Amino acid sequence: MPCFTNYTLPELEKWFAENGMKQFRARQVWDWFYLHGADDYDKMLNLPKKVRNFLLNNLSLIQSSVAKIKIAADDSEKSLIILAKDNEFVESVWIPMGSHATVCVSTQVGCPIRCSFCASGAYGLERNLTTGEIVEQVWYSSKAYSRRGIKNLVFMGMGEPFLNYDNLIKAIKILNDENGLKIGARRMTVSTVGILKRIVDFAKDVPQSNLAVSLHATTDELRKELIPGCPSSIAALLSALSEYYKRAHRKITYEYVLLKGINDSLNQAAELSRIIKKIPSKINLIEYNKVDFNDYEAPDRNTVNKFSNYLIKKGIDVAIRRKKGDDINAACGQLRRKQKI
Ligand code: SAH
C-alpha cells in the first residue's frame, strides 16, 4: 500500500484526484498530519466517513513508530525508531539549543562507507530509508517537542545521505513546504563523505540548503584508512566543491574528527589550512566520541585548542563541536542499527 508521508503535497493532490476524491481532501489530510500532528484518519474530523474508510484501506498514514526514547544529562533525546516495513531500526536525535532545537536524522539503515571511527557503518548497509521514513523522524520530533520549535535540521544521523539522493531531496521538499512543517531550507544541512556527482546536483536541486563535507584527513592515504568506502581523492573532492560553490554561492562546512596521534598534529593543521582555504568555507572540529569497537581516543583539550588556534591564525573560521548526548550514545558517530531494547 502506498504511504502518505512519501508524497509531496502536489503528488498527493494528484493521487486523491486519480482515486476519485476531491483534490482539496489531500490538503485537509496534509493539514491534519503536519499542522495538527494527527496520527490516525479517524482524528481528521472534517473528512467524511466514506473518505476516511477509503484512505484507511488504500493509503497508510505512517510507516514507522517510536520504540524508545533515551534522555541524556544535557537534555538531548535519542529516539529509536522502528520501521514497519521490516522491523529494522534507525535513530534520530533531538538536541536542545536555548529556546530552539536541532534535529539530527538518519537517511539509511546502517551505512556502506564504514568509517573506522563510526558505529553507524559497523554492520554495513541494510537499505535506504524511504522519503516518508526520513520525514517521519522529524514529524515525531516536532510532535513530541512542540515546546521548543525545530530550528535546524541536520542530515547527520545514520547513513550517507547522498547515496539515497532522490529520497533525501524529496524529504527536504516535504519538510520545507510552507503549508507543512515549514523548516527553512537555509536551516537544513546535509553532511556527506563526498559523493562527487551529488555535490554538484545538490547545488542545482537545493541551492539554499547547506553542505557539510567530512574531510578528516589531509592526505588520500590517511583519508582512505579512516574512510574505507571513501569515493574520491581529495583533489577530485575539491574540484566538485568548487563547482558547487560556483553554482550555489554557499560556504562549505568541513568536518574534521580529531583523533589522538592520528590527525591532530600542527603539521596536519598547516596542510589542512592550505586545503580548506581553496574554497570559501568554515570548519567544524569534532571531538571524537567513544565507540566501543575501535581504539581511537580523543586528543586532550589542550591539543584541540592548539590545533584550532593554529587554524584561526591562518584566517580560518573554526568551530569546535563539543560532545552532546554522549552518555546515551547519541553523539556523532554513535548511532547504530542493532539495538537492545
Ligand atoms: N555520513 C555522513 C554523516 C555522518 S555524521 C558523513 O560522512 O558526512 C556527521 C559527522 O560525524 C561526520 O563528519 C562523521 O564523520 C562524524 N563522526 C562519525 N563518527 C564519529 C565519532 N565516533 N566521533 C565524532 N564524530 C564522528
Side-chain angles (χ1 to χ4, degrees), residues 76 78 90-93 95 102-125 128-129 134 137 152-165 168 188-196 198-199 202 209-217 222-232 234 237 240-241 244 252-260 262-264 272 276 281-299 304 319-337:
S76 300
K78 179 169 79 166
V90 289
E91 297 186 316
S92 67
V93 188
I95 308 155
T102 293
V103 175
C104 174
V105 300
S106 297
T107 52
Q108 295 185 308
V109 180
C111 182
I113 305 293
R114 292 177 178 266
C115 296
S116 58
F117 46 82
C118 177
S120 298
Y123 300 94
L125 174 73
N128 280 336
L129 293 187
I134 300 172
Q137 292 172 58
N152 298 302
L153 184 56
V154 295
F155 294 88
M156 294 188 185
M158 289 160 57
E160 166 48 53
F162 280 177
L163 290 178
N164 186 13
Y165 189 78
L168 167 78
M188 299 191 203
T189 301
V190 175
S191 176
T192 179
V193 79
I195 311 296
L196 305 185
R198 295 316 192 182
I199 287 176
F202 192 64
S209 291
N210 305 299
L211 183 66
V213 178
S214 294
L215 191 58
H216 307 326
L222 179 59
R223 195 155 184 265
K224 190 83 194 167
E225 198 182 308
L226 298 178
I227 314 174
C230 176
S232 77
I234 294 174
L237 175 62
L241 292 176
Y244 169 86
I252 287 140
T253 300
Y254 289 104
E255 293 162 289
Y256 192 94
V257 176
L258 282 165
L259 303 167
K260 183 176 177 179
I262 307 247
N263 65 358
D264 61 348
L272 184 59
I276 65 179
S281 56
K282 53 187 178 180
I283 186 161
N284 276 349
L285 299 176
I286 311 179
E287 288 189 331
Y288 168 68
N289 298 304
K290 192 72 195 136
V291 166
D292 51 18
F293 57 82
N294 67 49
D295 298 329
Y296 294 118
E297 281 176 50
V304 173
I320 301 178
R321 196 189 292 167
R322 307 268 184 215
K323 293 183 204 323
K324 279 259 177 192
D326 65 328
D327 56 325
I328 55 160
N329 285 340
C332 299
Q334 294 180 322
L335 303 186
R336 50 176 70 228
R337 196 181 124 205

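Start at 1 and go down the list; that is how both ligands and their atoms are numbered. Source: prediction; values computed, not measured.
Under a 3.5 Å cut-off, the side chain of Ser120 and the backbone N or O of Met158 do not form any donor-acceptor pair. Side-chain atoms of Tyr165 come within 3.5 Å of backbone N or O of Phe202 as a donor-acceptor pair. The backbone N or O of Ser116 lies less than 3.5 Å from no partner atom in the side chain of Tyr296, so there is not a single donor-acceptor pair. Not one N or O on the side chain of Ser191 forms a donor-acceptor pair closer than 3.5 Å with the backbone of Met156.
Of all atoms in ligand 1, numbered sequentially from 1 with element shown, those under 4.0 Å from a heavy atom of Val193 are 6 (C), 7 (O), 8 (O). Atom numbering of ligand 1 starts at 1 in the shown order; those under 4.0 Å from a heavy atom of Ser214 are 6 (C), 7 (O), 8 (O), 12 (C), 13 (O), 15 (O). Distances below 4.0 Å separate heavy atoms of Val291 from the following atoms of ligand 1: 22 (N). Less than 4.0 angstrom separates some heavy atom of Gly159 from each of these atoms of ligand 1: 1 (N), 2 (C). Contact atoms of ligand 1 toward Glu287: 24 (C) (distance under 4.0 Å to a heavy atom of the residue). Residue Ile286 has at least one heavy-atom neighbour below 4.0 Å for each of these atoms of ligand 1: 13 (O), 24 (C), 25 (N). Close contacts between ligand 1 and Cys118 involve ligand atoms 18 (C), 19 (N) [criterion: under 4.0 Å to a heavy atom].
In terms of protein heavy-atom proximity, atom 5 (S) of ligand 1 is closest to Met156 O, 3.1 Å. The shortest contact between atom 19 (N) of ligand 1 and any protein heavy atom is with Gly333 CA, 3.0 Å. Remark: minimum distance from atom 3 (C) of ligand 1 to any protein heavy atom is reached at Ser191 OG, 3.6 Å. Summary of contacts: the protein heavy atom closest to atom 10 (C) of ligand 1 is Glu255 OE2, 3.5 Å. Nearest protein neighbour of atom 16 (C) of ligand 1, counting heavy atoms only, is Val257 CG2, 3.9 Å. For atom 23 (N) of ligand 1, the closest non-hydrogen atom of the protein is Asn289 N, 2.9 Å. Looking only at protein heavy atoms, the nearest one to atom 11 (O) of ligand 1 is Cys332 CB, 3.5 Å.
In this model, a donor atom of one side chain and an acceptor atom of the other lie less than 3.5 Å apart for Asn294 and Tyr288. No side-chain N or O of Thr107 forms a donor-acceptor pair with one of Glu160 less than 3.5 Å apart.
For Lys282, the NZ atom is loosely surrounded, since the number of other residues' heavy atoms within 6.0 Å does not exceed 12.
Between Leu129 and Gln108, the closest heavy-atom pair is CG-N, 3.8 Å.
Considering backbone and side-chain atoms together, His216 places an N or O closer than 3.5 Å to an N or O of ligand 1.
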I'd like to know whether Leu258 forms a side chain to side chain contact (heavy atoms under 4.5 Å, CB included) with Ile320, so could you lay out the CA-CA distance, the side-chain angles of the two residues, the decisive distance to 0.1 Å, and finally the verdict.
CA-CA 10 Å; Leu258 282 165; Ile320 301 178; over 6 Å; no
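Tested against Phe155, the residues Val103, Leu168, Thr189, Thr192 include a single side chain to side chain contact (heavy atoms under 4.5 Å, CB included) partner, Leu168.
At a heavy-atom cutoff of 4.0 Å, ligand 1 is contacted by the backbone of Thr192 but not by its side chain.
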